[in-house]
Amino acid sequence: MMRTTTCCGLALALGLSSALITGCYSPEGGWLPHSGGPVTYYSTEEYPKTITLVDTRTNEVLFTMDVPVGKQLSIDFDAGQGDDPVNTPDLMRYSVWDIGTMYGRLGNSLSVPNASCRRVDMSIRPGVEYAQKSKEAQLRTDQESDRPDWWTSKGGPLPEQKTTNMYDN
C-alpha cells in the first residue's frame, strides 16, 4: 500500500514539474503566474495585435511581429542564456500557435538585452481583420456556390435518372 502511494505521488510530482518546465502559455500566466514568466498575446478579429521588442539603449527595434488573427504569440525570456554577456545576455524564446494553446516548446529564439534595457510594445492594428479560412473549410460542399442549380432557389433540371447494375461497366 505504501509503495503505490509513493509511486503515485512521484508520478504526480514529475508530471507537474514537467508541465512547469515547459511553461503554461495563457494571457493570465497559467497555473503559477509570476513576473518574469512567459507572456502570451492573443490576436483576435476585433483586436489584431503587433508585438515589438525595442532596445531602450538605442531605440532599435530588435523584433516585431504582426500576430496573425486567430493565433497567439507566446514569449519567454531566459536570463544569462544569450550569445553576448554584455550587449545581449538574455535569450528570448517565442512561438506562434492557435489561440488557446497552453503547452508546448518555444521553438524560436533571439539573443536580446537584459530586462532593464528592453521594452515590449503591444499595439493594436487599425481596422478589423478576419482569420484565414482553415484548410478543412475549403473542402466543404454545403456552400451555396457549390450546390447544383436544381438544389437552389433559382431551380433547374434534375439530373438524369441513370440506373446501372453494379456489374455493368
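Applying the salt bridge (charged side-chain N to carboxylate O under 4.0 Å, His left out) test to K49 and every residue at least two apart in sequence or in another chain returns nothing. For the side chain to side chain donor-acceptor pair (under 3.5 Å) test, residues two or more places apart in sequence or in another chain that qualify with R57 are D55. Contacts of T58 classified as side chain to side chain donor-acceptor pair (under 3.5 Å), with partners at least two apart in sequence or in another chain: none. Applying the salt bridge (charged side-chain N to carboxylate O under 4.0 Å, His left out) test to D84 and every residue at least two apart in sequence or in another chain returns nothing. Not a single side chain to side chain donor-acceptor pair (under 3.5 Å) links S95 to another residue, sequence neighbours left out. For S109, the side chain to side chain donor-acceptor pair (under 3.5 Å) criterion is met by no residue, not counting sequence neighbours. Checked against salt bridge (charged side-chain N to carboxylate O under 4.0 Å, His left out), D83 has no partners two or more places apart in sequence or in another chain. Legend: residues meeting side chain to side chain contact (heavy atoms under 4.5 Å, CB included) with D66, ordered by chain and number and at least two apart, are T50, R125.
The two residues V120 and F77 have their closest heavy-atom pair at CG2-CZ, 4.1 Å. Pairing each heavy atom of T101 with each of Y103, the nearest pair is CG2-O, 3.5 Å. Minimum interatomic distance between P48 and S43 (heavy atoms only, all atoms of both residues): CA-OG, 3.2 Å.
Once rounded to the nearest 0.5 Å, the distance linking CG of D76 with CE of M92 reads 10.5 Å. The distance from the CG atom of L73 to the NZ atom of K71 is 12.5 Å, given to the nearest 0.5 Å. Between S116 atom OG and R119 atom CZ the span is 13.5 Å, to the nearest 0.5 Å. In this structure, the separation between CG on D121 and CD1 on I51 is 9.0 Å, given to the nearest 0.5 Å. With rounding to the nearest 0.5 angstrom, the OG atom of S74 is 11.5 Å from the CG atom of N108.
Contact check for T88 versus V112: no side-chain heavy atoms found under the 4.5 Å cut-off. Residues T40 and W97 are not in side-chain contact: their nearest non-hydrogen atoms beyond the backbone lie 4.5 Å or more apart. The shortest distance between side-chain heavy atoms of D98 and Q72 does not fall below 4.5 Å. Looking at heavy atoms from C-beta onward, I75 lies out of side-chain contact with L53 at the 4.5 angstrom threshold.
Under a hydrophobic clustering in which Ile, Leu, Val, Met, Phe, Trp and Tyr are joined whenever their side-chain heavy atoms come within less than 4.5 Å, directly or via other members, L91 and V54 fall into different clusters.
Between the R118 side chain and the P113 main chain, a donor and an acceptor come within less than 3.5 Å of each other.
For residues 45-69, the pairs satisfying ring-ring contact (aromatic ring centres under 6.0 Å, His included) are F63-Y94, with sequence neighbours left out.
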task = Check the pair M65 / V96 against side-chain contact (heavy atoms from CB on, under 4.5 Å), numbers first and verdict last.
result = CA-CA 10 Å; M65 177 178 285; V96 176; 3.4 Å; yes

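With a 4.5 Å cut-off between side-chain heavy atoms of Ile, Leu, Val, Met, Phe, Trp and Tyr, the cluster of V128 takes in Y130.
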